[in-house]
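Structure first, commentary second.
Per chain, numbering begins at 1; letters A, B, ... match sequence-line order. Note that the structure is a prediction, hence the values are computed from the model and not measured.
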Number of protein chains: 2
Amino acid sequence: MYRIGELAKACHINNDTLRFYEKNGLLCPSSRTESGYRLYTEGDREILQFILRAKDVGFTLAEIKELLSIEINKADKACADVKILVDIKLNAVEKKLAELSRFHTSLKRLSDACCGSSISAEHCTILEALESDTDDVRHERHHKQGGK
Amino acid sequence: MYRIGELAKACHINNDTLRFYEKNGLLCPSSRTESGYRLYTEGDREILQFILRAKDVGFTLAEIKELLSIEINKADKACADVKILVDIKLNAVEKKLAELSRFHTSLKRLSDACCGSSISAEHCTILEALESDTDDVRHERHHKQGGK
DNA sequence: ATAAACCTTGGAGGTAGGTCACAGGTCAAG
DNA sequence: CTTGACCTGTGACCTACCTCCAAGGTTTAT
């Protein structure tokens, strides 16, 4: 069992952030002491780490809340509805993955082009590096933007 | 050449967002008309799309600005410094990629477990789905969090 | 038994990233 | 030559996501 300060320290965040997440329904401590102190379990920590990772890759807290609330009830007819939500998120993840892969390729190219490589700095900016990547993915670029 | 409204519409963002990006040094129009109207080129649009994609995968505007300002001057001694920055970003991208891959695996598992699959819903929540993934990556989890 | 270091709630304040409103200038169409 | 859809700048406002403060209760170390 962690007290709020312990969990916060373990995950490098602020105590207040934990209270904030609780207030917003993302992570409630599994229990409290008699005097009212929050007590978090290992499982709570797992959830917190999930939240932090999800945030880091661009999901909003609202989206993360949705992800966390996914519960496929095996006997439930609403299972199909849940699958739809999951597939929507799956799609978002796949889009992010594709975009990150391009970033990765470009940055790698940029890194390799720099400093004594035989490739010699032909690509001088991230944009030029992306540019040379363009042909492979141009057909990939007619998607809606401004998500969130 | 795009006027502000045209570019904004093309990229599904607000005119004011473009002015905001300009004010914050992310994207300045290549020129102006005599009367002061902003004029954006195809190249400006490329930059904008880069900004929007980067934002979508979790980079802050400040980080994006850094990425955009990368210029490896072939004859420049500071090239090494730039490489360091690029490699830092490369690292961040790789971390995000790894995390997204986990999300993807979990969501896929969740999706497959749902609705008439032979797998039968053993994994009922995103967390359980992540859980079963845990052994493969547990040693991967001692990193700093709370970036930004 | 008292200080230091925790914790509580409630509410104000702060930063990032926009978004809107206003007062007015520009421009193409009728 | 005016109407309507654009554009300008400046500045107030908004949401998401925290972060800090105040006033006080609890625990632990000395």
A/Leu7 CG to C/dC6 C1', straight-line distance once rounded to whole Å:
15 Å

Rounded interatomic separation in angstrom, taking CD from A/Glu34 and P from D/dT26:
11 Å

In B/S/- notation, 5' to 3', how is nucleotides 12-19 of chain D contacted by protein heavy atoms closer than 4.0 Å?
-----BBB

With A/Lys96 as the cation and A/Phe59 as the aromatic partner, state whether NZ or CZ is under 6.0 Å from the six-membered ring centre and within 45° of the axis.
yes

Can B/Arg45 and B/Glu42 be counted as an ion pair, charged N to O under 4.0 angstrom?
yes

Compare all side-chain heavy atoms of B/Leu67 with those of B/Phe50 and state whether any distance is below 4.5 angstrom.
yes

Tell me, for nucleotides 2-8 of chain D in 5' to 3' order, what letter each nucleotide earns: B for a base near a protein heavy atom under 4.0 Å, S for only sugar-phosphate near one, - for neither?
----BSB

Whole Å only: how far is the CG atom of B/Leu27 from the P atom of C/dG18?
12 Å

Check for a donor-acceptor pair, side chain of A/Thr105 on one end and backbone N or O of A/Ser101 on the other, with a separation under 3.5 Å.
yes

Within this structure, what is the CE-to-C1' distance between B/Met1 and C/dC27, rounded to whole angstrom?
18 Å

Looking at B/Lys65 and B/Leu26, would you say the former's side chain and the latter's main chain have a donor-acceptor pair under 3.5 Å?
no

Write down the distance between CD1 (B/Ile64) and P (C/dA16), rounded to a whole number of angstrom.
14 Å

Taking atom P of C/dG17 as reference, at what distance in whole Å does atom CG of B/Asp56 sit?
14 Å

With a 4.5 Å limit on heavy-atom distance, are the side chains of A/Ile51 and A/Leu27 in contact?
yes

For the pair B/Arg19 and B/Asp16, evaluate salt bridge (charged side-chain N to carboxylate O under 4.0 Å, His left out) and give the outcome as yes or no after the intermediate values.
CA-CA 5 Å; B/Arg19 296 199 188 95; B/Asp16 283 321; 2.9 Å; yes

Can a donor-acceptor pair be found, under 3.5 Å and without considering hydrogens, that links the side chain of B/Asp44 to the backbone of B/Thr41?
yes

